[in-house]
Amino acid sequence: MTRSGIGKRRTAALRDGGESYTQRRNEIIAAGAEVFRERGLEASSLRDVAAKLGTDRASLYYYVASKNELFQLVTQRAVEEVVVSAEAVAAEETDPVARLRKLVVTTVQKYEDHYPYMFVYIQEDMNRLGTDTLDEVWARTMVQLGHRFDEALLRVLKDGMDSGVFSIAHPRIALNSVIGAVNWTHRWFRPGRDLSGAEVGEHIATTLLNGLVAH
């Protein structure tokens, strides 16, 4: 069967939304996430994903059109949930200390909930990946989601500065420090070990707040 023929079958299967098809597609997405986390996007291939599943590459085209589409499926849904959650916390009418703590804890919890999908996204530099590598609209959407997360966090930090709660000389440096601390968990945090995502988030938040809160 030609690639275009498989594409038509894939489109029809997605439209019909059969349970067995959806289940297998989710298995492929999960396997793709593992491969991307282990090897990175550029070094990975659908052949690697097929090997992870114990099947052949050709069978995957019934579920995904390409490696790039699989990467997009792996990451976008998880990132959107993290961003929406951060924006909701930033909009709460609580004090900046409580909001920053909750934002950090909630974000790490989401990383755990969407493991390893979020970590796949974090380890790839979206600004480095050109439009020749990924769908242009999708890549632009992901960059925009990153900016939305930054703005939510920056809102909390600036509220703390304006109220005198946070001692911050440069909000962008504080922003990147918080993001760096949270995102570095992709190098060492694994769900199911000693601490949960919420507990890790609490420890990170406490460490950050010890440096940010004015004394």
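Counting from 1, the numbers follow the sequence of the chain as shown.
- Residues Glu87 and Glu151 are not in side-chain contact: their nearest non-hydrogen atoms beyond the backbone lie 4.5 Å or more apart.
- In this view, Arg24 and Glu27 satisfy the side-chain hydrogen bond (donor to acceptor under 3.5 Å, both in side chains) rule, not counting sequence neighbours.
- Partners of Glu199 according to the salt bridge (Lys or Arg N to Asp or Glu O under 4.0 Å) rule, which considers only residues two or more places apart in sequence or in another chain, do not exist here.
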Task: Test log, rule side-chain contact (heavy atoms from CB on, under 4.5 Å), inputs Val120 and Phe71 - done: CA-CA 9 Å; Val120 169; Phe71 179 79; 3.5 Å; yes
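- Looking at residues two or more places apart in sequence or on another chain, you find no side chain to side chain contact (heavy atoms under 4.5 Å, CB included) involving Arg77.
- The number of heavy-atom neighbours closer than 6.0 Å to CZ of Arg190, taken from other residues, nucleotides and ligands shown, is above 12.
- Under the salt bridge (Lys or Arg N to Asp or Glu O under 4.0 Å) criterion, Arg39 pairs with Asp48, sequence neighbours left out.
- Not counting sequence neighbours, Lys67 has no partner by the salt bridge (Lys or Arg N to Asp or Glu O under 4.0 Å) test.
- No side-chain heavy atom of Phe119 sits under 4.5 Å from any side-chain heavy atom of Arg187.
- Residues satisfying the side chain to side chain contact (heavy atoms under 4.5 Å, CB included) criterion with Ala51, sequence neighbours excluded, are absent altogether.
- Asn26 meets the side chain to side chain contact (heavy atoms under 4.5 Å, CB included) test with Thr22, Ile29; sequence neighbours excluded.
- Heavy atoms only, all atoms of each residue included: Gly197 and Glu112 are closest at N-OE1, 2.9 Å.
- Expressed to the nearest 0.5 Å, how far CD of Glu81 lies from OG1 of Thr106 amounts to 11.0 Å.
- With sequence neighbours excluded, the residues satisfying ring pair (Phe, Tyr, Trp, His ring centres under 6.0 Å) with Tyr63 are Tyr21.
- Contact annotation: the side chain of Leu70 approaches that of Phe36 to within less than 4.5 Å [non-hydrogen atoms, C-beta and beyond].
- The ring of Phe189 has its center no closer than 6.0 angstrom to the ring center of Tyr111.
- Separation of atoms CD (Glu69) and CG (Leu60) is listed at 11.5 Å; rounding is to 0.5 Å.
- For Gln144, there are no side-chain hydrogen bond (donor to acceptor under 3.5 Å, both in side chains) partners, not counting sequence neighbours.
- A 4.5 Å side-chain heavy-atom check between Leu157 and Met161 finds every atom pair outside the cut-off.
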Open item on the list: Evaluate Glu80 against Gln76 for side chain to side chain donor-acceptor pair (under 3.5 Å), listing each step before the verdict.
Closed with: CA-CA 6 Å; Glu80 285 174 342; Gln76 183 167 346; 2.9 Å; yes
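- Side-chain contact between Ile204 and Thr185 is present, with heavy atoms from C-beta onward closer than 4.5 Å.
- Hydrophobic clustering places Leu14 together with Leu73 (ILVMFWY residues linked when any side-chain heavy atoms are closer than 4.5 Å, directly or through intermediates).
- Under the 4.5 Å side-chain heavy-atom criterion for grouping Ile, Leu, Val, Met, Phe, Trp and Tyr, Val89 is not connected to Val105 through any hydrophobic cluster.
- Cluster membership check: Val84 does not share its hydrophobic cluster with Val143, using side-chain heavy-atom separations under 4.5 Å among Ile, Leu, Val, Met, Phe, Trp and Tyr.
- Separation of atoms CG (Leu153) and CZ (Arg155) is listed at 12.0 Å; rounding is to 0.5 Å.
- At least one donor-acceptor pair under 3.5 Å links the side chain of Glu124 to the backbone N or O of Leu41.
- Across Val83 and Leu145, no two heavy atoms sit closer than the pair CG2-O, 3.4 Å.
- Under a 3.5 Å cut-off, the side chain of Asp16 and the backbone N or O of Gly18 do not form any donor-acceptor pair.
- Looking at Tyr115 and His186, their side chains never come closer than 4.5 Å, going by heavy atoms from C-beta outward.
- Taken together through direct or relayed side-chain contacts under 4.5 Å among Ile, Leu, Val, Met, Phe, Trp and Tyr, Val182 and Val213 form part of one hydrophobic cluster.
- Atom CG of residue Leu103 and atom CD of residue Glu92 lie 9.5 Å apart, to the nearest 0.5 angstrom.
- Applying the side chain to side chain contact (heavy atoms under 4.5 Å, CB included) rule to Ser177 yields the partners Ile173; only residues at least two apart in sequence or on another chain are considered.
- Under 3.5 Å, the side chains of Arg57 and Ser45 contain no donor-acceptor pair of N or O atoms.
- Geometrically, Arg9 engages Tyr62 in a cation-pi contact, judged by NZ or CZ lying under 6.0 Å from the ring centre and within 45° of the ring axis.
- Take Lys52 and apply the salt bridge (Lys or Arg N to Asp or Glu O under 4.0 Å) test, not counting sequence neighbours, and it matches Glu34, Glu38.
- When all heavy atoms are compared, the tightest approach of Ala174 to Leu212 is CB-CD2, 4.3 Å.
- The two residues Leu195 and Val200 come nearest to each other via the heavy atoms CB-CG2, 3.8 Å.
- Side-chain atoms of Ser85 never come within 3.5 Å of backbone atoms of Val82 as a donor-acceptor pair (strictly under, hydrogens ignored).
- A salt bridge links Glu202 with Arg101: the closest approach of a Lys/Arg side-chain nitrogen to an acidic carboxylate oxygen falls below 4.0 angstrom.
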Distance-only check: which donor-acceptor pairs under 3.5 Å involve side-chain atoms of residues 163-171, not counting sequence neighbours?
| from | atom 1 | to | atom 2 | distance (Å) |
| --- | --- | --- | --- | --- |
| Ser163 | OG | Asp159 | O | 3.0 |
| Ser163 | OG | Gly160 | O | 3.2 |
| His170 | ND1 | Arg172 | N | 3.3 |

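- In this structure, OG1 in Thr75 is found 11.5 Å from CD1 in Ile122, a value given to the nearest 0.5 Å.
- Closest approach of Ala181 to Leu208, counting heavy atoms only: CB-CD2, 4.1 Å.
- For Asn210, the CG atom sits in a packed shell: over 12 heavy atoms of surrounding residues, nucleotides or ligands are nearer than 6.0 Å.
- Arg37 places no side-chain N or O within donor-acceptor distance of the main-chain N or O of Pro116, the cut-off being under 3.5 Å.
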